[in-house]
**Q** 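I'd like to ask some things about the structure below.
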Amino acid sequence: WMRPTAPIEPSFLDPMAEIAMGPAVWLWDYLRRCSASGFLIPLSGGADSAAVLAICGSMCQMLMKNIRADNASKDEQSNN
C-alpha cells in the first residue's frame, strides 16, 4: 500500500525565465524517460555547439540545485 504524495503548489514563471529554463527541463525529462545515463555532445566550436552546451549546463545546474534543496529538507526533517 502506498500513500499518495503531498500536493505540490504550482509555481508560475515569468516569460523570460520560462524561455531560459524550458529547454533544460525538456532535456532532463528526455534523459529521464529514456533511462539514459547522459548525453554525448560533439562540439565543433560554433555558436550552435555553444548554445547546446549552455542548455546542458543549465540543466545540470537546475538538477544540482534541486538535489541540494531536497537533501537540506531531509536533513531538517531528521533533526526534528
**Q** Give a yes or no on this: more than 12 heavy atoms of other residues, nucleotides or ligands lie within 6.0 Å of atom CZ of Arg32.
**A**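 Yes - once you tally the heavy atoms of other residues, nucleotides and ligands closer than 6.0 Å, there are more than 12.
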**Q** Which distance, rounded to the nearest 0.5 Å, do you find between the SG of Cys60 and the CD1 of Ile55?
**A**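 Those atoms lie 12.0 Å apart.
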**Q** Give me the atom names and distance for the closest heavy-atom approach of Pro42 to Ser49.
**A**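 Answer, listing the atom of Pro42 first, then Ser49: O-OG, 4.1 Å.
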**Q** Test of understanding: with side-chain contact (heavy atoms from CB on, under 4.5 Å), list the residues that count as partners of Phe39, not counting sequence neighbours.
**A**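 Once residues adjacent in sequence are excluded, the partners of Phe39 under the side-chain contact (heavy atoms from CB on, under 4.5 Å) criterion are Leu27, Tyr30, Leu31, Ile41, Met59.
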**Q** Got a donor-acceptor contact below 3.5 angstrom from the Asp70 side chain to the Asn66 backbone?
**A** no
**Q** Consider only side-chain heavy atoms of I, L, V, M, F, W and Y, link residues closer than 4.5 Å, and tell whether Leu53 and Val25 are in one cluster.
**A**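 No, Leu53 does not connect to Val25 through the hydrophobic network.
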**Q** Mind checking what makes side-chain contact (heavy atoms from CB on, under 4.5 Å) contact with Asp14, not counting sequence neighbours?
**A**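 Only Met16, Ala17 meet the side-chain contact (heavy atoms from CB on, under 4.5 Å) criterion with Asp14.
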**Q** Mind listing the closest non-hydrogen atom pair of Ala20 and Ser58 along with its distance?
**A**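 Heavy atoms only, the tightest pair is O-OG, 4.3 Å.
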